[in-house]
Amino acid sequence: MRASQLFAPTLREDPAEADIASHRLLLRAGFIRQLMAGVYTTLPLGLRTIRRIEAIVREEMDAAGAQELRMPIVLPAEPWRATGRWELYGELLFRLRDRHGRDLLLGPTEEEVVTPLVASASCSYRDLPVNLYQIEWKYRDEYRPRFGLLRGREFLMKDAYSFDRDQAGLERSYAAMYEAYRRVFERCRLDHVIVEADPGQIGGGINHEFMARAEVGEDLFVECEHGDYLADTEAARPMPPEPAGEPTEPLQVLDTPDTPTIESLARFLGVEAARTLKCVLFDVGGRTVAVLVPGDREVSQTKLDKLMFPEIVRPFDEEDFDRRGFVKGYVGPQGFEDDVVVVADHTVRGGRDWITGANEPDRHVRGANVGRDFRVDRWEDVVAFREGDRCPIDGGSLRVGRSIVVGHIYQLGTKYSEPLGATFVDEDGTPRPFVMGCYGIGISRIVAAAAEQYHDELGLRWPRALAPFDVVVIAATAGDATHEAERIYEELRSRGIDAVLDDRDERAGVKFADADLIGYPVQVVVGARGLAEQQVDLKLRATGQRTRERLDEAAQAAADLLEAAP
RNA sequence: CGGGACGUGGCGCAGCUUGGUAGCGCGCAGCGUUCGGGACGCUGAGGUCGCGGGUUCGAAUCCCGCCGUCCCGACCA
């Protein structure tokens, strides 16, 4: 490609709407242009990078036994009603209506399409497993699109779906995808971690997130300083504290006017929040569940959801407090009726003589102790992770890392096959629902994640595998240099290397600046200065390292440098 | 959806407080000089000042409404 023909409008200044590096540089370097919030045009350079990522993904998916297909983006509402997601997804769905008044949506993911599709093939258990994937644009009307390609309303995703006869089969399919994903992100050179993520309300299903480290990432994970523990922040289980000793105080009631929050209570009494016992009430499938955590900690509803699955967990609202006779802001676990389930986090074992609610307005108690003053029905891990918690394996200090989720794989089981009536015929002749897995890779998000990890003050610095082109040949001066540059460019192309010839009628400085901004891995500079000695200059963008090579070996040298590039 | 900021040639911005018919830099076009790290000079094109309403002799500027974009947030006793 000749730069004079390439539509790559680079910007000299940072666009006003972009804050983070990837967004700013992808705009400036001419990879993308914004059309509206969360929707971008992909320019030729951006599309080349996307194609390279797609190629890697395709190779690994195919090698893992998945088959590519293409499903529609405009979808009928009916199957989404069947699975409940027409309601559940709410505003997240782009909905539209056709001329006949039929409800349609733009696909945010495609279980509702692929599941009936496979079912319609009248499968026998002998046809399984099947794994189908596509690379297609997805649509989600995010409540707040942001950060350019990181959270768009339109994004390119590889989505794969496996269909197995049973859980054992699913686990095999899942393991194959897990390995394929590892290879994909290795080949993309993304610095990433893999964590077992929280299954949330779906419950039970194992799932893993592939997270590219990035300071600007919205997704948090927890890691031990010694590298032996990794977890989703919602799933992290800190090491429990040493158990506290026997009670030392009698239970006594305190007048604590106007102290409905832990903060106001701690201030009123002049004690640490950690001395108080927080008692949070939830409705779980109609029953009252009281969750106890130290006052300076929070309950993780995600953990509670998982614990109570398949029951639905809902925090108490005003009405619940009134109707069930609890005093909001002054709830304590003493004297609960038997129908209240008391769940305490392990961290509660680390305290005694608690200050907690007295179950009457403006009053608390002190000296409340487990066993003597209140009962605990279940000891569980329900506390939200907090900076400073210890590693459950070696007690090391845990820290929070930020990341961009670029891949997510999931064991779905029969969550979709059952409501959609998607079955195969098993060996005994009876229909059974497929045991499914789903596997996503955010292709357009990889572009942004890689830009976050590979850039400097000059611009983008693509790893070889993701760069829009491998090499740029810069004609730095007119005359002979132009001819030599052209010759080197042709030689590179004949070697199968994706090269750009910067033949624009621009000053050398402009070409250098654009080359650095766009981030070609290798630059070959052909100019009068070098030609006087029959030499050219090579630059490796990743390190900035420059070398001189003989003119007649320029293409070979560039190829070698590219080979050695990260 | 709540809070905040911002919408002025393609891009980045000034002008608005105190109303008087729009300006700077970059980019773009032409000519000349220059030519290995975002050159210089001269000339030129390009703007419904986000949209609608109002106030006024007169609105980019003041008032009201709407739209758009960006940032922060979304829930716990």
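Below, read A as the first sequence line, B as the second, and so on, with proteins coming before strands; counting in each chain starts at 1. As a basis for the values below, the full set of heavy atoms in this structure was taken, side chains included, without hydrogen atoms, waters or symmetry mates.
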Any strand: nucleotide that pairs with B:U18 via Watson-Crick or wobble, under 3.5 Å:
none
Euclidean distance for P, B:C42 against B:A59 (whole angstrom)
36 Å
Atom pair distance, as rounded to whole Å: CG in A:Leu292 and C1' in B:A77
12 Å
Pair A:Glu154 + A:Lys138, salt bridge at N-O below 4.0 Å
no
Specify the separation, in whole Å, of atom CZ of A:Arg151 and atom C1' of B:U69.
18 Å
For the C1' atoms, the ones on B:G9 and on B:G50, what distance do you get once it is rounded to whole angstrom?
15 Å
Within the 4.0 Å heavy-atom criterion, would you say A:Arg297 contacts the bases, only the backbone, or no part of the nucleic acid?
nothing
Separation of A:Arg504 atom CZ from B:G36 atom P, in whole Å?
16 Å
C1' atom, B:C62 versus B:G15: distance in rounded Å?
16 Å
Does CZ belonging to A:Arg287 count more than 12 external heavy atoms closer than 6.0 Å?
no
Quick check for you: among B:U69, B:A77, B:G37, whose closest atom lies nearest to any side-chain atom of A:Lys539?
B:G37
Over how many whole Å does the gap from A:Gln523 atom CD to B:G37 atom P extend?
13 Å
Provide the Watson-Crick or G-U wobble partner of B:C13, both distances under 3.5 Å; none if there is no partner.
B:G23
How would you label the contact of A:Val525 with the nucleic acid (heavy atoms, under 4.0 Å): base, sugar-phosphate, or nothing?
base
Measure NE2/A:His23 against P/B:U69 and give the value in whole Å, please.
12 Å
Nucleotide nearest A:Thr477 when distance is taken to its side chain, options B:A77, B:C35, B:G73
B:C35
What's the spacing between A:Gln334 CD and A:Asn369 CG if we round to 0.5 Å?
10.5 Å
Which part of the nucleic acid does A:Gly527 contact within heavy-atom distance under 4.0 Å: base, sugar-phosphate only, or nothing?
base
Do A:Asp516 and A:Gln523 have side-chain N/O donor and acceptor atoms under 3.5 Å apart?
yes
Between B:U69 and B:A60, how far apart are the P atoms? Round to whole Å, please.
25 Å
Please report the distance, rounded to the nearest Å, between NZ in A:Lys511 and P in B:G37.
13 Å
Just checking A:Ile474: base, sugar-phosphate only, or nothing, at a heavy-atom cut-off of under 4.0 Å?
nothing
Residue A:Leu517, side-chain heavy atoms: nucleotide from B:G36, B:C76, B:G38 that is nearest:
B:G38
Side-chain-base donor-acceptor pair under 3.5 Å for A:Arg28 and B:G12:
no
Over all strands shown, is A:Arg144 touching base, sugar-phosphate only, or nothing at heavy-atom distances under 4.0 angstrom?
base
Going by atom types alone, do A:His408 and A:Asn207 pair a side-chain donor with an acceptor below 3.5 Å?
yes
Work out how far the C1' atom of B:C35 is from that of B:A45, and round it to whole angstrom.
27 Å
Rounded distance in Å between the P positions of B:C71 and B:C26
29 Å
Under 3.5 Å, is there a donor-acceptor pair linking the side chains of A:Asp219 and A:Ser403?
no
Of the candidate nucleotides B:G36, B:C76, B:C70, which contains the atom at the shortest distance from the side chain of A:Val299?
B:C76
Among B:C71, B:G12, B:A77, the one nearest A:Glu17 by side-chain distance
B:G12
Does atom CG (A:Asp480) have a neighbourhood of more than 12 heavy atoms from anything else shown, all under 6.0 Å?
no
Distance between P atoms of B:U17 and B:C6 (Å, rounded):
15 Å
What is the separation between atom CD on A:Glu263 and atom P on B:C76, rounded to the nearest whole Å?
12 Å
Per-nucleotide protein contact string for nucleotides 25-31 of chain B (B base, S sugar-phosphate only, - none; heavy atom under 4.0 Å)
BSS----
Using a distance-only criterion (donor-acceptor N/O pair, under 3.5 Å, no hydrogens), is the base of B:G12 paired with the side chain of A:Asp14?
no
Complement of B:U61, any strand, by Watson-Crick or G-U distances under 3.5 angstrom
none
Out of the candidates A:Arg144, A:Arg146, A:Arg402, only one should pair with A:Glu218 under the salt bridge (charged side-chain N to carboxylate O under 4.0 Å, His left out) rule; please name it.
A:Arg146
When rounded to the nearest 0.5 Å, the distance separating CG of A:Leu6 from CG of A:Leu501 is 11.5 Å
How far does the C1' atom of B:G25 sit from the matching atom of B:A14, given to the nearest Å?
10 Å
Please classify the nucleic acid contact of A:Gln34 as base, sugar-phosphate, or nothing, using heavy-atom distances under 4.0 Å.
sugar-phosphate
Write down the partner of B:U33 under the Watson-Crick or G-U wobble criteria, each distance required to be under 3.5 Å.
B:A39
Using a 4.0 Å heavy-atom cut-off, does A:Pro260 contact any base of the nucleic acid, only the sugar-phosphate backbone, or nothing at all?
sugar-phosphate
With heavy atoms under 4.0 Å as the rule, sort A:Ala481 into base, sugar-phosphate or nothing.
nothing
Quick check for you: among B:A77, B:G38, B:C72, whose closest atom lies nearest to any side-chain atom of A:Arg146?
B:C72
Select base, sugar-phosphate, or nothing to describe what A:Gly357 touches, counting heavy atoms under 4.0 Å on all strands.
nothing
Using a heavy-atom cut-off of 4.0 Å across all strands, would you classify A:Tyr330 as base, sugar-phosphate, or nothing?
nothing
Can you tell which of B:A39, B:C72, B:G36 lies closest to the side chain of A:Ala476?
B:G36
Does A:Phe147 or A:Ala508 map to a spot on RNA chain B nearer the 5' end, using the closest nucleotide for each?
A:Ala508
Closest contact, heavy atoms only, A:Val195 versus A:Phe221:
CG1-CB, 4.3 Å
Here the distance between atom P of B:G36 and atom CG of A:Asp516, to the nearest Å, is 17 Å
Assign each of A:Ser300 and A:Ala18 to its nearest nucleotide of RNA chain B by heavy atoms, then name whichever residue's nucleotide is nearer the 5' end.
A:Ala18
Salt-bridged, A:Arg275 to A:Asp353, with N to O below 4.0 Å?
no
